[in-house]
Amino acid sequence: MDGAPGEPTRRSDGGSSLPRAWAEVDLTAIAHNVERLRSVVAPSGVWAVVKANGYGHGAVEVAQAALRAGAQGLCVALVEEGAELRDAGVDAPILVLTEPPTHAADDLTRYRLMATVYTTRFVDALADAARARRVDGVPVHLQVDTGMQRVGVPFDDVAELRAVAAGVARHHPVLVPVGVFTHLAVADDPDDEFTALQLSRFDDAHDLVATVLPGTGPGRTLTHVANSAGGLAHPASRRSFVRAGIAVYGISPGHGVDHLCDDLRPALSLRARVSYVKRVAAGSRISYGLRHRFARDTTVATVPIGYADGVPRRLWAQGGEVLIGGRRRRIVGVVTMDQLMVDCDDDPVSVDDEVVLIGEQDGPDGPQRIRAEDWADQLGTIGYEIVCGIGRRVPRRYVVAS
Ligand SMILES: *Cc1c(COP(=O)(O)O)cnc(C)c1O
């Protein structure tokens, strides 16, 4: 990407005024969402999760906007994601949420990232890397698995909890214990009692860790449990800070917490321009497999965006629509790798007309909106997967709007 980091209006479309397709990211919406989350979870803090290129929105730009809006730290999934932020000049605390391969311990210390640990093997590798680089005081967060069963020391494995905590203690002060955390599995279903069970398992595990790791008792370490849904729906999970991902982007974590997301603003819109227009005859068929047959003569617009850009191939069969001229238009025929076709009825449509795939457009019947969550509902997935799937070749354009 071109342009200096921190310059909010930079464009990465090569300067063309008519890109074929682009994702527009409203950094004012990011800031609004962070401020909103901060006020909801106060006095707990907010750390913005910017893994996976900021859920497809652009990690550096989102991180900077979130920090300006009062996020206290950042979370990433990979060491290289943390390195990208440091290379762009981000100086805030950055937590890597899982143990990387041991060979990445060196970069983790070099880029001054905070480590998540849950195996003695990685604890030792991290301490070795820090000593070799003469870095002292690598901040470490111990992750407890309280039921998600993805990563973390199992809450009920007392021997392992003691062993990992003792490993960190043995390497003090090369390793500095600063946090204990866990991750929630069903926070987006407020009625599910499993969240309360995870919280009580977490508190017990934290007490145990504190007996082995002096200085990490309740009230003395950072503890963090909540993702976006936890922070919104489970006050008891907010702890020192909430690791907020999807809500920062203005997307609901799931239908169970939709009602708590009304004040969030979607930051991303996905847009393109019509590349080709034609009339087609009743009875003719379209796209690979000729699976859609036109019932009447109609106007078809071709839009130069496809599944390589993150528009799922099967969206057409699930009622997928786009906005052109402020009206909802059906996608007809399978979405191809680089292009899709849209039935525009008999309305005028021209090459270069703007097409909104996700986002808002004004029209004769007022503003129309298609959300990432709408695609997710049609496709049987979640908004996360939609925005993370927007392809690398779609330029991101950053705007600071109202
Ligand atoms: C991705 C992730 C988050 C953020 O979750 P959201 O639902 O997007 O808020 C928080 N914590 C961990 C450990 C994660 O992997």
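Counting from 1, the numbers follow the sequence of the chain as shown. Indexing begins at 1, ligand by ligand and atom by atom, following the structure's order.
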Does the distance from a Lys or Arg side-chain N to an Asp or Glu carboxylate O, for Arg296 and Asp345, drop under 4.0 Å? yes
Per-atom contacts of ligand 1 with Ile246, taking only distances under 4.0 Å to non-hydrogen atoms: 6 (P), 8 (O), 9 (O)
More than 12 non-hydrogen atoms from neighbouring residues, nucleotides or ligands closer than 6.0 Å to CE on Met148, yes or no? yes
Heteroatom distance test (Gly245, ligand 1): nitrogen or oxygen, under 3.5 angstrom: yes
Is Asp365 salt-bridged to Arg328, going by a charged N under 4.0 Å from an acidic O? no
Identified side-chain contact (heavy atoms from CB on, under 4.5 Å) counterpart of Leu357 within the set Leu340, Leu323, Ile331: Leu340
Closest heavy-atom pair, Ile386 versus Ala372, reported as atoms and distance to 0.1 Å, is CG1-O, 3.7 Å
re atom 11 (N) of ligand 1, the protein heavy-atom contact at minimum distance is Arg243 NE, 2.8 Å
If you measure from each heavy atom of Phe181 to ligand 1, is any distance below 4.0 Å? no
Ranked by distance from atom 4 (C) of ligand 1, the top protein heavy atom is Tyr55 OH, 3.4 Å
Looking only at protein heavy atoms, identify the closest one to atom 7 (O) of ligand 1 and say how far it is in Å. Tyr384 OH, 2.6 Å
Atom 12 (C) of ligand 1: the protein heavy-atom neighbour that sits closest, reported with distance to 0.1 Å: His183 CE1, 3.3 Å
Indicate whether the side chain of Ser269 and that of Arg271 have a donor and an acceptor atom separated by less than 3.5 Å. yes
among protein heavy atoms, the one nearest atom 2 (C) of ligand 1 is Lys51 NZ, 2.5 Å
Does ligand 1 have any atom that is closer than 4.0 Å to a heavy atom of Met148? no
Charged N to carboxylate O below 4.0 Å: is that the case for Asp203 and Arg239? yes
Could an N or O of ligand 1 be found under 3.5 Å from any N or O of Gln143, whether backbone or side chain? no
Search all heavy atoms of Ala77 against all heavy atoms of Thr98 and return the closest pair with its distance. O-OG1, 3.5 Å
Side chain, backbone, both or neither: which part of Leu97 has a heavy atom under 4.0 Å from ligand 1? side chain
Where the closest heavy atom to atom 9 (O) of ligand 1 is concerned, which of Ser228, Gly152, Ala52 has it? Ser228
Could you tell me whether a side-chain N or O of Thr102 sits under 3.5 Å from a main-chain N or O of Ala125, the two making a donor and an acceptor? no
Between Pro253 and ligand 1, which residue portion shows a heavy-atom distance shorter than 4.0 Å: side chain, backbone, both, or neither? neither
